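Atoms within a ligand are numbered from 1 in the order they appear, just like the ligands themselves. All residue numbers refer to positions in the sequence shown, counting from 1. Being a predicted model, the structure only gives us computed values, none of them experimental.
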Amino acid sequence: MTKITHTEHIAIYPGSFDPITLGHQDIIERAAKMFDKLIVAVLVNRAKSPLFSADERVKMIQMVTGHIDNVEVRSFDGLSVDFAESMGAKVIVRGLRAVTDFEYELQMAQTNRAMKHDIDTIFLTTDLRYAYLSSSIVKEVASYGGQIDLFLPPEIVPLLRNRIKEREHKESQK
Ligand code: PNS
């Protein structure tokens with residue numbers, strides 16, 4: 001008789017999440033159903049200085065994914081494939097919004113595969129409701145006092161508003 005052993009299927013969902021949007025939240029909810037464990041991986045080290053620290057971004061994601069048992073949130077520094085390997089994950093999940101994302105995502109997926117052949121990237125197409133959404137565009141809307149509750153989980157809205165106010169205050173003191 002063939003013995004069926006089950007190895008845990010773990011995926012990482014890496015990104016900047018500065019801050020997490022409804023689009024990210026939707027991808028997390030859908031991807032979590034496909035794996036035993038989904039690790040949302042917040043990149044620490046970025047050329048562009050983030051509005052929220054890595055710890056803040058981790059906490060914000062934990063806040064809005066607490067209802068999903070198999071989701072874990074961590075920060076990482078370095079290459080996504082190295083982080084995936086250290087977590088025992090064989091899959092990297094990314095969301096694809098539109099054809100404009102495609103070239104960059106393909107390049108990244110292929111580079112990652114060249115570096116670690118046993119780790120695959122899978123793409124989930126973003127829900128149409130969020131096809132236009134990015135953290136950068138939401139920060140821009142927020143910086144002009146626009147309505148951001150259309151784009152962010154409700155818990156995140158006041159946090160972004162406050163951070164933008166703090167930034168403006170700091171700028172005005174210079
Ligand atoms: O949310 P983002 O900014 O689109 O996420 C991009 C991210 C974090 C997935 C990507 O920049 C990344 O994986 N950075 C870590 C360094 C790395 O592994 N680069 C890819 C090699 S091509």
field: Donor-acceptor pair, side chain of Arg97 and main chain of Leu133, under 3.5 angstrom
entry: yes
message: If the condition is salt bridge (Lys or Arg N to Asp or Glu O under 4.0 Å), which residues does Asp82 pass it with, not counting sequence neighbours?
response: Lys116
message: Just to be sure I read this right, does ligand 1 sit under 4.0 Å from the backbone of Tyr104, its side chain, both, or neither, counting only heavy atoms?
response: side chain
task: Would you mind running through ligand 1 and noting each atom that sits below 4.0 Å from a heavy atom of Asn112?
output: 20 (C), 21 (C)
- prompt: Salt bridge between Lys59 and Asp55, side-chain N to carboxylate O under 4.0 Å?
  reply: no
field: Ile119 with Met87, same ILVMFWY side-chain cluster at under 4.5 Å
entry: yes
task: Pull out every atom of ligand 1 sitting under 4.0 Å from any heavy atom of Gly78, numbered as shown with elements.
output: 15 (C), 16 (C)
- prompt: For ligand 1, which part of Leu43 has a heavy atom less than 4.0 Å away: the side chain, the backbone, both, or neither?
  reply: side chain
message: Please compare Ser16, Gly95, Pro14 and report which has the shortest non-hydrogen distance to atom 2 (P) of ligand 1.
response: Ser16
task: Run the numbers for me: atoms of ligand 1, each under 4.0 Å from some heavy atom of Met108, listed by number.
output: 10 (C), 20 (C), 22 (S)
task: Verify, without hydrogens or angle tests, whether Asp36 (side chain) and Ile10 (backbone) share a donor-acceptor contact under 3.5 angstrom.
output: no
task: Look at ligand 1 and say whether Arg94 reaches it with a heavy atom at a distance under 4.0 Å.
output: yes
- prompt: Relative to the heavy atoms of Thr111, which atoms of ligand 1 are at a distance of less than 4.0 Å?
  reply: 22 (S)
statement: Smallest heavy-atom separation, Ala89 atom then Ile12 atom, equals CB-CG2, 3.8 Å
statement: Tested for side chain to side chain contact (heavy atoms under 4.5 Å, CB included) against Arg74, the lone hit among Ile39, Val42, Val40 is Ile39
- request: Decide whether an N or O pair under 3.5 Å exists between Glu105 and ligand 1.
  value: no
